[in-house]
Number of protein chains: 4
Amino acid sequence: MNKRSGIESRKKIIAAAMDVFSGKGYAKACIREIAEAAGISIGGVYLYFRNKEELYLSLLKNEMHDSAVKTEEIVEHAESPAEALSKYLKMHLEYALKHRELILLHIREHGFVFGMDIKRRFFREQRKLIEKIITGGIRRGEFRRCNPRETAKLVMGSLRGIVLSIALDNVVVTPRMLNEFILNGLLNKRENRK
Amino acid sequence: MNKRSGIESRKKIIAAAMDVFSGKGYAKACIREIAEAAGISIGGVYLYFRNKEELYLSLLKNEMHDSAVKTEEIVEHAESPAEALSKYLKMHLEYALKHRELILLHIREHGFVFGMDIKRRFFREQRKLIEKIITGGIRRGEFRRCNPRETAKLVMGSLRGIVLSIALDNVVVTPRMLNEFILNGLLNKRENRK
Amino acid sequence: MNKRSGIESRKKIIAAAMDVFSGKGYAKACIREIAEAAGISIGGVYLYFRNKEELYLSLLKNEMHDSAVKTEEIVEHAESPAEALSKYLKMHLEYALKHRELILLHIREHGFVFGMDIKRRFFREQRKLIEKIITGGIRRGEFRRCNPRETAKLVMGSLRGIVLSIALDNVVVTPRMLNEFILNGLLNKRENRK
Amino acid sequence: MNKRSGIESRKKIIAAAMDVFSGKGYAKACIREIAEAAGISIGGVYLYFRNKEELYLSLLKNEMHDSAVKTEEIVEHAESPAEALSKYLKMHLEYALKHRELILLHIREHGFVFGMDIKRRFFREQRKLIEKIITGGIRRGEFRRCNPRETAKLVMGSLRGIVLSIALDNVVVTPRMLNEFILNGLLNKRENRK
DNA sequence: TATGAATGAGGGTTCATTCAT
DNA sequence: CATGAATGAACCCTCATTCAT
């Protein structure tokens, strides 16, 4: 009946899918519910997405694209590696707070369902970004000497885990705390220095 | 066929369940497959576990218990907070390498499926352990002053994420690298010190 | 195949369910068979009835409603209590002959499966109807003095049992015979009278 | 372990089966539960009864035999047809009150499950008994003239229905009421007589 | 474009029955 | 005689997907 532009419908479906997938995970989410939430018929969903898998992948790509664009912007406009890293961490922290369920969803499905390659590519890009920051930081003497590539992986891993804690266990983490933790580590420098 | 020792069968089921659940996640795993993998009939599974949920929960409890025991032991026998933390991290790293799929499974299902309370309790205990280490470290001047409770959460989160990276993306992380990362942070101390 | 008119399908399912339930009772009847008998897929059944229980209850309500309407009509149009009772008995006798299996089904499940309250309510209404007839009959001197309420229960019980015999054991009972039995009893009145 | 005489075990099983079958009907009753209630192993049940069906049939035969013996005795010792019928009705009424569930069970399963022939034979015998009473009653002028065979069926049907009402709906029926109902019918004899 | 009735494979679970001990 | 672990067919129900309208 509603002959709105297809794009309209597509958006509604994606929004609904995000809700439903987030709420119950990929496997338990069912098309009927997504269709209902989108105010569209079941068949309608299949007009825009070939199947459940493609719908999920579509969400995933959307979000990863947005995230990639945002992070690149942020990093580019930073004045120092430390600031870049700071902002990068902050951005992800804030995103996690806003989209807890989505975070859960993707971590949950990451590594199980299809779309692995897409996800891996995204993570590789993000890792390279961090790597670039670290390399710059070392060159400018801001960061201590370390293997940038491996350290980038550690930073990414840490961030992922902390984001997960936030989404999963409602842990409260301020950007400041996280920043300090990543930059300073645990040791007492005086002690260390001697 | 083997009509004796229910305990034997129970073990086989648990082992099979670990495999199958790990391989495809809770929702997609099916009892039939678990039974087959265990070399047992479908009905046989229900002789030892009331239902799918209980089977999963059983696995979970087992592993969390083992892990709790191991970590406590390790921490108790350490000579200094730094060493305790080191060993704690190392243990989890090694566990992650050995049981990639299991790690994935539980992280994946954490926060979605039942058993939330059990998991939360486990994480709380682990966090307290880290907290104790940190508090001791600060008191002895080994660690820098910080809020032990919040920092413990960060350490746990970081560890979780890195373990996840290992399990998920085959990232290689040596205990030494991780230790350095957590203890020292990224900053160059010279820079920091002045 | 026939993609139209859900009502059509619903009717076919109900008819099939009546057959199958009647033939083997609630517990042994299986949805698969009902679906087959209705010329519909398994899932199709669940499009119209939430589950097996609801399907059964649906049948039950339908029939009880029809029966209630019919009996009330009959009683209202009778010219005397004796005639009303006569017609009431006749109607049930004829129904029993036509729907043997259905009678069996409901008697069989009465008191075991769910829907108890619905059935009880129906029986209460029917009993009240008979009670009214008897009260009227006593007032007009047609019937002998008796407790209308208790006697109504006896009439209902008797009828139920005789209907059961018809359905179960193919006993042949003519309305005339039944009428005479209920109205006159066994005793010889001459004997009685003195 | 318990090496009591087999007869002991057999009795315990029968008693347990009566309970469980009565409580949930044949289809839903399960051997495990019966075995448990009998304080015997599952396998143990199969030592005494070839299968579920035979166990049920065994119960049935027991009860029908007892009932047949009792009714015959009662009828033989009565001094008049009216008294015989009275006592017969009374006995069944009392039995119904004491063994509500059992009554339900057999009525419920009558006509569905196996054992039809056994049941039919029993009912035929009982009917013949009543028939004999009625024939005697007519000959002695106690009962009004009627077809003894058909009337016996009506009496049996009535009784069955009333017993059912008692078992099913907790209807209260005294032997006196029932007797009067069956013997006198509803009509006012004065009216009738003229 | 849009609908939603229809399909049917497949999942979790139960339970009568067997048989090695 | 007795046990109870083991079997597997069969049940109820869900849901991704199709297609006539």
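Each chain gets a letter, A, B and so on, in the order its sequence line appears, and its residues count up from 1.
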Once hydrogens and angles are ignored, does a donor-acceptor distance under 3.5 Å link the base of E/dG12 to the side chain of B/Arg32?
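Checked by distance alone, the answer is yes.
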Rounded to whole angstrom, note down the P distance from E/dT1 over to F/dT21.
22 Å
Rounding to an integer number of Å, can you tell me how far [X] [atom1] sits from [N] [atom2]?
{"X": "D/Ile31", "N": "F/dA2", "atom1": "CD1", "atom2": "P", "result": "16 Å"}
{"X": "A/Ile40", "N": "E/dT3", "atom1": "CD1", "atom2": "P", "result": "6 Å"}
{"X": "B/Leu55", "N": "E/dG11", "atom1": "CG", "atom2": "P", "result": "16 Å"}
{"X": "C/Tyr56", "N": "F/dC11", "atom1": "OH", "atom2": "P", "result": "20 Å"}
{"X": "B/Arg10", "N": "F/dA6", "atom1": "CZ", "atom2": "P", "result": "12 Å"}
{"X": "B/Ile42", "N": "E/dA16", "atom1": "CD1", "atom2": "C1'", "result": "16 Å"}
{"X": "B/Tyr46", "N": "E/dG11", "atom1": "OH", "atom2": "P", "result": "12 Å"}
{"X": "C/Glu8", "N": "E/dA5", "atom1": "CD", "atom2": "C1'", "result": "13 Å"}

At less than 4.0 Å, is any side-chain N or O atom of B/Ser9 found next to OP1 or OP2 of F/dA5? Yes or no.
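The answer is no; no side-chain N or O of B/Ser9 sits under 4.0 Å from OP1 or OP2.
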Does E/dA2 have OP1 or OP2 sitting under 4.0 Å from an N or O in the side chain of A/Tyr48?
yes
Take the angle between the ring planes of D/His106 and D/Tyr56 and call it parallel below 30°, perpendicular above 60°, tilted in between.
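Geometry flag for D/Tyr56 against D/His106: tilted rings.
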Side chain of D/Asn51 only, please: which of F/dT17, E/dT3, E/dT17 is the nearest?
E/dT17
Report the residues that fulfil salt bridge (charged side-chain N to carboxylate O under 4.0 Å, His left out) with B/Glu33, sequence neighbours left out, ordered by chain and then residue number.
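For B/Glu33, the residues satisfying salt bridge (charged side-chain N to carboxylate O under 4.0 Å, His left out) (neighbours in sequence not counted) are B/Lys24.
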Are more than 12 heavy atoms, taken from residues, nucleotides or ligands other than D/Arg32, located less than 6.0 Å from that residue's CZ atom?
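No, the 6.0 Å shell around CZ holds no more than 12 heavy atoms from other groups.
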Option from A/Arg121, A/Arg160, A/Lys119 for which salt bridge (Lys or Arg N to Asp or Glu O under 4.0 Å) with B/Asp169 holds
A/Arg160
By the 4.0 Å heavy-atom rule, please label D/Leu47 as base, sugar-phosphate, or nothing.
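Base: the residue D/Leu47, judged by heavy atoms under 4.0 Å, touches a nucleobase.
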Touch check for D/Ala29, heavy atoms < 4.0 angstrom, all strands: base, sugar-phosphate only, or nothing?
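Sugar-phosphate only.
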Along DNA chain F (nearest heavy atom to each residue), the more 5'-positioned of C/Lys28 and B/Gly43:
B/Gly43
5′-ward residue of the pair A/Tyr26/D/Val45 relative to DNA chain F:
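Nearer the 5' end of the strand: D/Val45.
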Complementary nucleotide for E/dG10 - Watson-Crick or wobble, under 3.5 Å:
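When the pairing criteria are applied, F/dC13 turns out to be the nucleotide that pairs with E/dG10.
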Once you apply the 3.5 Å cut-off to both distances, tell me the Watson-Crick or G-U wobble partner of E/dT21, or none.
F/dA2
d(B/Lys11 NZ, B/Tyr48 OH) to nearest 0.5 Å is 12.0 Å
For D/Cys30 and C/Gly44, take the nucleotide of DNA chain E holding the closest heavy atom to each; which residue's nucleotide lies nearer the 5' end?
C/Gly44
